[in-house]
Every structure is written in structure tokens, then in C-alpha cells.
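Below is one structure; the comments refer to it alone.
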Amino acid sequence: MALPLLNYTPKSQNVRVAGYEVPGDEQPYIFDTENLPSGGGMEEVIWAAYRQIYSEHQILKSNRQSALESQLKDGRITVRQFIRGLLLSDPFRRRNFEANSNYRFAELCVQRVLGRDVYSEREKIAWSIVIVNEGVQGFVDKLLNSDEYLENFGDTIVPFQRRRNLPQRERGETPFNLKTPRYGAYYRDLQGFPQIVWQNAVRRFRPQEKQPVEGNPERFLGMARNMAPQQNPVPRVSLQTLNYLAAVPRR
């Protein structure tokens, strides 16, 4: 019996309302096969696709899909089909699907394919139900055939992270492909990492303007505390050594 699908809605206005943004360094560069910048522009499109789907820590020579790259260069497949091939490739499945839970895998794919974070836990659960019912291939097809993907990227644009700059923030969010580790929190706990080991004692930080200057008695406080006062020991006399007869005068 198939599990029923859940409905989810955006919880923030930032993902529903098109905002006015001034171009700057935080704005993503759009890689579009219809407007290639130079003769080697297709290589840049392929590199951007690997960087978006595999993320920075999974860009390995062994993960390259030479057949898909050749088909994209010859025009036999579109960028959307190239993205689909990367998502269904064996390296991506082994390094992302088999190494995480369905919830974690659904969150990663939404971030890298749709270019945004999941709206809520309800959306994460809804996509995990799709993975259970239709498998990885059905889940990938639903993402790539969704209205959200077609309206933002279509068949020619490499997916990118949208709306990194949020109102009332000086800097944008860290890109998804730079902050997503290979394992989720649950699997990291099973592996026993990360472990924090302190090699040295924790030292308190003191700003330079608050440090004592020359002549300040505070500079000698530590030295004074380390100096032990010298005390003159009181001699102890045993009662057995006392000569009481010698102390009495003779008459």
C-alpha cells in the first residue's frame, strides 16, 4: 500500500515574492547554453553542473561522466537531461543516497536541484514519501519536471542557489555545495565524529587596549601570588632534655 502524499506550503515570504536585488559579488553567475560566453563556454557549463550537483567535496576525477559530457557537447541532450544523468549516476547514488537517510537525501536534492532550502520538515517528509513509493529515479524526475524547476532554470540553465541575500543581512548565506557534509548528523553520531579533543588549557582572550601597561601593579600580581612568605620556624624542645636540677640555684 502506497503512502499518501503530504501537502506543504512555503513558510517565508522570501521564497514566494520576487525581490529587487542590486547585482554584486553575492549574486550567482548564471551558466546558460543559449548564451555561452566564449568558445570554451561548454566546459564551464559542465564544471558548474558538477559543482552544483556533486558539491565541492565530491568533485573527483573518478566521478566524471564522460558519456554524458560528450552528449551535451554534441547537442544530443539538454542541460536538464545532463543534470538528470548526474543525479542518477552511480557515484552520486553511492556518495549521497546510500550514505544518508531518505530525509537527508531529499533535503540535499532540493537544495542542489531547485536551488533553495526545504520550506519545512513537512516538505522533507513529503519528498521522502516520493522516494519510498517511486524510488530515486521517480523522485529525480518529479524534481526536474516540476513547475518550479522549469520556471527558474528550464532546459538550458544550470541550477544555482537562489536568493542568497536576505533582507536585513550584511552577507549572504553560505552556498549549499560548501556547507553540506557527506553524512548527516545521525550517521556522524554512529561513526563517532566529530570529537573535540583539547590539547592545551583554554586561555582567556583579553583585548590589547585592556591589557595593563608598564608600571601598573596588576603586572606584578601574579608574581606576588607565587611568592611564598618565609617564616622562621619555632624550635621545639623535648621535655626529656631539660635539666631541672641545674636550673635550681645552690644555697
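Computed from a predicted structure; not experimentally measured. The figures that follow rest on heavy atoms only: side chains count, while hydrogens, waters and symmetry mates do not.
Between Tyr103 and Ile125, the closest side-chain pair of non-hydrogen atoms falls below 4.5 Å. Residues Asn96 and Arg112 have side chains in contact (heavy-atom distance under 4.5 Å, counting atoms from C-beta outward). You'll find the side chain of Glu69 stays beyond 4.5 Å of the side chain of Met42, heavy atoms only. At least one side-chain heavy atom of Lys73 sits under 4.5 Å from a side-chain heavy atom of Ile46. Side-chain atoms of Leu68 and Ser89, non-hydrogen and from C-beta on, never get closer than 4.5 Å to each other. Side-chain atoms of Arg122 and Tyr119, non-hydrogen and from C-beta on, never get closer than 4.5 Å to each other. Under the 4.5 Å side-chain criterion, counting only non-hydrogen atoms from C-beta, Gln137 is in contact with Arg84. Residues Tyr149 and Ile83 are in side-chain contact: their nearest non-hydrogen atoms beyond the backbone lie under 4.5 Å apart.
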(Q) As a quick check of understanding, evaluate side chain to side chain contact (heavy atoms under 4.5 Å, CB included) for Val79 and Phe31, giving each step before the final call. (A) CA-CA 10 Å; Val79 173; Phe31 293 89; over 6 Å; no
Q | side chain to side chain contact (heavy atoms under 4.5 Å, CB included) between Phe92 and Leu86, intermediate numbers included | A | CA-CA 7 Å; Phe92 185 83; Leu86 295 182; over 6 Å; no
(Q) Go through it in stages, so that I can follow the logic: the residues are Trp127 and Phe105, the test is side chain to side chain contact (heavy atoms under 4.5 Å, CB included), and I'd like the CA-CA distance, side-chain angles, deciding distance and then a yes or no. (A) CA-CA 9 Å; Trp127 283 119; Phe105 182 71; over 6 Å; no
Q: Run the numbers on Arg116 and Glu148 for side chain to side chain contact (heavy atoms under 4.5 Å, CB included), then give the verdict.
A: CA-CA 11 Å; Arg116 61 167 175 83; Glu148 183 178 359; 2.6 Å; yes
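For the pair Val130 and Phe139, the tightest heavy-atom approach, listed with the atom from each and the gap, is CG1-CA, 3.9 Å. Residues Ala106 and Ser128 approach most closely at CB-N, 4.3 Å, considering heavy atoms. Closest heavy-atom contact between Leu87 and Val140: CD1-CG1, 3.6 Å.
Under the side chain to side chain donor-acceptor pair (under 3.5 Å) criterion, Arg80 pairs with Asn145, Asp155, not counting sequence neighbours. For Thr156, the side chain to side chain donor-acceptor pair (under 3.5 Å) partners are Asp32, not counting sequence neighbours. For Arg93, the salt bridge (Lys or Arg N to Asp or Glu O under 4.0 Å) test picks out no residue, with sequence neighbours left out.
Of the possible polar contacts, one joining the Gln65 side chain to the Asn63 backbone as a donor-acceptor pair under 3.5 Å is found. A donor-acceptor contact shorter than 3.5 Å is absent between the side chain of Arg104 and the backbone of Ala99. Counting only distance, with no hydrogens or angles, the side chain of Gln52 and the backbone of Ala49 share no donor-acceptor pair below 3.5 Å. Within the 3.5 Å criterion, the main-chain N or O of Ala67 finds no donor-acceptor partner in the side chain of Ser70.
From Gln81, atom CD reaches atom CG of Leu72 across 9.5 Å, with rounding to the nearest 0.5 Å. Interatomic distance, Leu108 CG to Ile53 CD1, rounded to the nearest 0.5 Å: 11.0 Å. Remark: Thr33 OG1 to Glu44 CD distance equals 13.0 Å, nearest 0.5 Å. Remark: Asp90 CG to Arg95 CZ distance equals 9.5 Å, nearest 0.5 Å.
Ring orientation note: the planes of Tyr50 and Phe82 are nearly perpendicular, at an angle over 60° on the 30°/60° scale.
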